[in-house]
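In what follows, chains carry the letters A, B, and so on, assigned in the order in which the sequence lines appear, proteins first and then strands, with residues in each chain numbered from 1.
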Amino acid sequence: MTSATETAPAPKRGSLFGTRMREAGWGYAFVLIPMAVFGLFFIYPLVYGVYISFFEWGILGKAAGATATTQNYTTLYHDPVFHRALRNTFEFALLVVPLEMALGLLVALVINAKIRGRAFFRSAFYFPSIASSAAITTIAIFILNPDGLLNRIIGSDQAWFGDSSTALYSVVGLNAWTTSGTVMLFYLAALQSIPTDVYEAAAVDGTGAWRTFWRITFPLLKPAHFFVLVVFGIGALKVFDQFYIVSQGTGGPEYSTLSAVFYIYQEAFKSANFGVGASAGVVLFVAIFLLTLLQRATVGRAEVG
Amino acid sequence: MRRARAALAASVVLVLLTVVVASAADARSEKATVTTVTLSGWSAGKTEDDLLQSVVDDFNNTHPNIHVDYSVINGDYATAMTARFAAHNPPDVFYVDSSIAPTWIKQGVVQPLNAFIKKSKYDTSKFYPGLLNAFKVGKTYYGFPKDWSPLAVEINKAMFAKAGIKKAPRTWAELTADAQKLASSGAVPNGKPLCLPADWARMLAFVFQNNGSLAKVQSPAVAAAVNYYTGFFKRGLAATPTQLGVGWPGEALGKEKAAIIFEGNWVLPYMTSTFPQVGFGVGPMVKGKVNGNLGFTVSYSMAKDADNKQAAWTLLSYLTGKVGMTKWMSHGLALPSRTDVKAVGGRAPFLAAGPSSRGWGFPNFSATLTIMNNDLQAVIDGNKTTAQMLADVAASLKG
C-alpha cells in the first residue's frame with residue numbers, strides 16, 4: 001500500500017502561485033461584501049459630501065445653475081456661530097478625554113486589585129455605558145436642576161445646565177461619567193496583560209506602590225492610552241446628543257452647548273443648506289484626521305513604530 | 001359516454017372560470033375609480049390623532065371616489081419630511097408649521113395653490129389675514145392654516161389676590177405695576193412675579209406691540225421693546241424657566257413659581273390636567289402702543305410631488321373648509337383659523353387676538369432663531385447689549 005505522501009507530486013513554482021492566487025481570491029471574496037457595505041455607506045457618502053460642499057445644495061439637490069465654488073467655506077470662515085461651535089467642541093474634547101482616561105484608569109486599577117466584590121464593582125461602573133445616553137441625560141437634567149438633588153446636597157441653587165458659565169462643564173462631567181465605564185474595560189484588559197514578573201521584580205527591589213505605578217504600570221499601558229485617546233477623542237469631537245438634549249435643541253445658554261455636529265445638523269436638516277452643512281462636515285473631518293495623525297505621531301509613536 | 005361526461009365537466013369549469021374572471025375584472029374597475037391620497041402630520045397626542053382620524057373618516061364617507069390614507073410621522077418631523085422630499089416621495093397633503101414654511105417654499109417642495117383656488121372658487125377671505133400670510137409669498141398661496149393659537153396672559157389668582165390686584169394686566173404699564181406689587185407683597189415666595197423665557201417666540205409679541213417689526217429689526221421701536229422685556233430681569237421681577245428649575249413657563253405657573261406667564265391655548269388642558277389645584281385666570285395679551293401678538297399656526301399644504309393633485313386639493317379644501325374645521329374644533333384642542341367657525345367656550349381672550357396676530361416665522365428661521373435666543377440670554381445676563389443682539393439678528397435674517 002502506497003501512502004499519499006509518497007504518491008503526491010512535488011510542488012512546482014507555477015502551481016504554488018496558482019494556490020496562492022486561489023487563496024487570495026477566496027480572501028477577497030470573503031471581504032467583498034463587507035467592503036461593498038463600507039464603500040456604499042462610508043466611502044461614497046464621504047466623497048459625495050465633499051462634492052456637495054462646493055455647491056449651493058438644497059433639499060432637491062444642486063440649486064439650478066449652481067457652479068462649483070468655495071462660497072460655503074467662505075460662509076463658514078465668516079460665521080461666528082460656527083467658530084463658537086468649533087471652539088466649544090475642541091474645549092469639550094480637551095476636557096472630557098483626559099477626564100475619561102483618568103476616571104477609567106482609576107476604576108480599572110481599583111477593580112484589578114484583589115478586593116472583595118470585584119465583579120459587582122465592574123458591572124456597576126460599566127452600567128452607565130450601556131444605558132441610553134438620552135435617558136441618562138434626561139435624568140441628569142433633573143439632578144442638576146436648581147432645586148435638584150445635587151443642589152439639595154451641596155446647598156446651592158445653581159442652574160448647572162442653564163448657566164453659560166457652567167453648562168459646558170456640566171456636560172463634560174456627565175459625559176465623562178457615562179463613558180468612563182467603557183474606558184475602564186480597555187484599561188482593565190491592558191492591565192491584565194502586563195506580566196506579573198515585572199511587579200515581582202519591583203517588589204524584590206523594594207519599590208513602593210506609587211513608584212511602581214508611575215514607573216511600570218503607566219508606561220506599559222501606552223498602547224491602551226493611545227487607543228483610548230484616539231477612539232474617545234474622535235467620539236468627543238463628534239458630540240451631539242447630550243448637548244442637544246440639555247439645551248432643548250437651542251445650543252444655549254449663550255451658545256455654550258453648541259457643538260460642531262449640532263451646527264451641521266441645523267444647517268443641513270433645519271435650514272436645508274446642505275452645502276454649508278457638508279462643508280462644516282468636511283472641516284470637522286479634516287480636523288479629526290489631523291488630530292489623529294498628531295496623536296499617532298506623539299503618543300502612538302512607540303506603539304505603531 | 002365517458003367523452004360526454006368529460007365535455008360536460010370541461011364546460012362547467014369553463015363557465016366557473018368565466019364568472020370568476022369577470023367578477024375580478026369588475027372589482028378592479030370599481031377600485032380603479034377610487035383615488036388614494038396620503039395625509040401626514042406629527043402627533044400631538046392620542047386625542048388629537050383620534051380626532052383627525054374621525055375627520056378623515058367623515059371625508060372618506062362623503063367622498064367615495066377618494067380614499068385618504070392618514071399616517072402620523074413620529075420623531076423629528078422636519079428631518080423626516082426633508083428625507084421624503086429628497087426622495088420625491090412626500091405625503092400628498094401634510095402639516096407645515098409656519099416657522100418652517102418659508103424654508104420649504106423656497107426649496108420648491110410645496111405646491112402653489114392659486115390654480116386650484118381659482119378653479120374651485122375657494123373663499124380665502126374667511127381666514128385671519130395674519131395667519132394666512134404665513135403661508136403666502138407675494139400673491140401665491142402655499143397652504144391654509146388648519147388652526148392656531150396666540151399668546152395670552154395667564155395669572156395665578158391666589159397670588160394676585162394676596163398682592164391686592166383684581167384682574168390680569170391689560171397694558172404694559174399695568175404689567176409693570178402688577179409685577180412690582182407682586183414682588184413687594186411677597187406673593188410669590190418660591191419664584192418671581194414673571195416667568196419669561198429667553199425666547200423670541202414670546203418677546204416678538206412685545207416687539208409688535210411697540211410697532212416694531214423684523215423687517216426693521218435695528219429700529220428704536222424694537223430696541224425699546226427688547227429693553228422693556230429684559231428690564232424685568234434687571235429689576236428682579238422675572239426669571240427664565242431654567243432659573244426657576246422648570247421646563248417651560250406653564251410649569252412655573254403650575255408649580256407656583258410665577259404669578260404671570262404668556263402662553264397659548266395649549267396651557268389650558270395642561271393646567272387642568274397636571275395642576276388642577278392651582279387656580280389660574282386667563283386674560284387677553286397685554287397691549288403696548290398697539291395690540292400685537294404671535295399666531296402659532298400650522299397649515300395643510302400640498303406636495304409639489306403629490307401623485308393626485310386634484311384629489312389632494314379636494315382633501316385640503318375640505319380640512320380647511322367650514323365643515324372640516326368645525327369638526328376639528330369640536331374638542332377645543334385649538335382655535336379655528338376661519339372667522340366663520342366657532343371655538344369652544346372659554347377661548348375669548350385668545351380669539352380677541354385674531355386680527356392683530358402675525359404668523360410665527362421668518363426667513364432663515366432655524367439659524368436665526370438660534371442666534372436670537374442665545375443672544376437674548378446674553379442680553380438678560382448682561383453679557384451683550386441690545387444693539388449687538390439686534391445687529392446679529394439683522395445679519396442672520398439676511399441669510
Side-chain angles (χ1 to χ4, degrees), chain A residues 56-61 63-64 75 78-82 84-85 88 138 141-152 156-167 244 246-258 262-263 265-274 276-277, chain B residues 76-88 90 99-100 102-110 190-191 197-199 239-248 255 257 304-305 363-384 392 395-396 399:
Chain A
E56 185 188 347
W57 202 282
I59 293 176
L60 299 177
T75 302
H78 293 292
D79 188 353
V81 177
F82 180 62
R84 181 63 195 262
N88 285 343
T138 307
I141 290 171
F142 284 103
I143 295 173
L144 300 187
N145 223 20
D147 54 2
L149 183 66
L150 180 67
N151 283 339
R152 292 271 171 97
S156 162
D157 60 353
Q158 175 68 31
W160 296 96
F161 289 130
D163 186 327
S164 58
S165 63
T166 55
Y244 189 83
V246 300
S247 71
Q248 297 180 335
T250 66
E254 293 184 50
Y255 307 97
S256 57
T257 59
L258 188 74
F262 179 96
Y263 180 91
Y265 168 75
Q266 180 174 273
E267 281 298 324
F269 292 101
K270 296 289 182 188
S271 301
N273 291 329
F274 285 88
V276 176
Chain B
D76 188 336
Y77 182 75
T79 305
M81 284 298 291
T82 299
R84 293 187 66 172
F85 288 135
H88 295 280
S99 63
I100 205 157
T103 304
W104 285 359
I105 291 168
K106 190 180 168 190
Q107 292 289 321
V109 295
V110 186
N190 299 317
D199 192 346
T240 62
T242 312
Q243 287 167 339
L244 294 174
V246 294
W248 66 295
K255 289 185 172 174
K257 291 186 171 189
K304 205 145 191 193
D305 280 330
N364 197 22
F365 180 82
S366 184
T368 304
L369 186 64
T370 298
I371 289 168
M372 283 175 155
N373 291 350
N374 280 291
D375 273 17
L376 179 56
Q377 181 68 58
V379 173
I380 290 169
D381 293 343
N383 295 329
K384 218 166 207 179
D392 289 349
S396 186

### Query
Looking at A:Ser247, A:Ala159, A:Ala272, which has the largest count of heavy-atom pairs under 4.5 Å with chain B?
A:Ala272

### Task
Hey, could you give me each pair passing salt bridge (Lys or Arg N to Asp or Glu O under 4.0 Å) that has a residue in residues 370-381 of chain B? Not counting sequence neighbours.
B:Asp375-B:Lys384

### Contacting region of B:Phe365 [heavy-atom separation from chain A under 4.5 Å]
neither

### Summary
A:Leu60 and B:Gly108 have their tightest heavy-atom pair at CD1-O, 3.9 Å

### Message
If I measure from the heavy atoms of chain A, does B:Leu369 come under 4.5 Å with its side chain, its backbone, both, or neither?
### Response
neither

### Max heavy-atom pair count under 4.5 Å with chain A, selected residue of B:Asn383, B:Val246, B:Asp392
B:Asn383

### Message
Between B:Lys257 and A:Asp147, is the salt bridge (Lys or Arg N to Asp or Glu O under 4.0 Å) condition met? List the steps.
### Response
CA-CA 12 Å; B:Lys257 291 186 171 189; A:Asp147 54 2; 2.7 Å; yes

### Task
Classify the angle between the aromatic ring planes of A:Phe274 and A:Phe269 as parallel (below 30°), tilted (30 to 60°) or perpendicular (above 60°).
perpendicular

### Greatest number of heavy atom pairs closer than 4.5 Å to chain A - which of B:Gly247, B:Ala198, B:Ala378
B:Ala378

### Interchain contact, B:Ala86 with chain A, by part (heavy-atom threshold 4.5 Å)
both

### Message
Apply side-chain contact (heavy atoms from CB on, under 4.5 Å) to residues B:Ile371 and A:Val81 and explain how you reach the verdict.
### Response
CA-CA 8 Å; B:Ile371 289 168; A:Val81 177; 3.7 Å; yes

### Query
Can you say whether A:Tyr265 sits under 4.5 Å from chain B via the side chain, the backbone, both, or neither, judging by heavy atoms?
side chain

### Query
Under a 4.5 Å heavy-atom cut-off, does chain A meet the side chain of B:Asn373, its backbone, both or neither?
neither

#### Entry: Side chain, backbone, both or neither of B:Thr370 within contact of chain A (heavy atoms, under 4.5 Å)
both

### Summary
Hits for side-chain hydrogen bond (donor to acceptor under 3.5 Å, both in side chains) against B:Thr240, two or more places apart or cross-chain, chain-then-number order -> B:Gln243

### Query
Taking atom types as modelled and ignoring hydrogens, do the side chains of A:Asp163 and A:Ser165 form a donor-acceptor contact shorter than 3.5 angstrom?
yes

### Summary
Honestly, the part of A:Gln158 sitting under 4.5 Å from a heavy atom of chain B is neither

### Query
When only pairs under 4.5 Å are counted, which of B:Ile100, B:Thr368, B:Asn364, B:Asp76 shares the most heavy-atom pairs with chain A?
B:Asp76

### Parallel, tilted or perpendicular: rings of B:Tyr77 and B:Trp104 (30°, 60°)
tilted

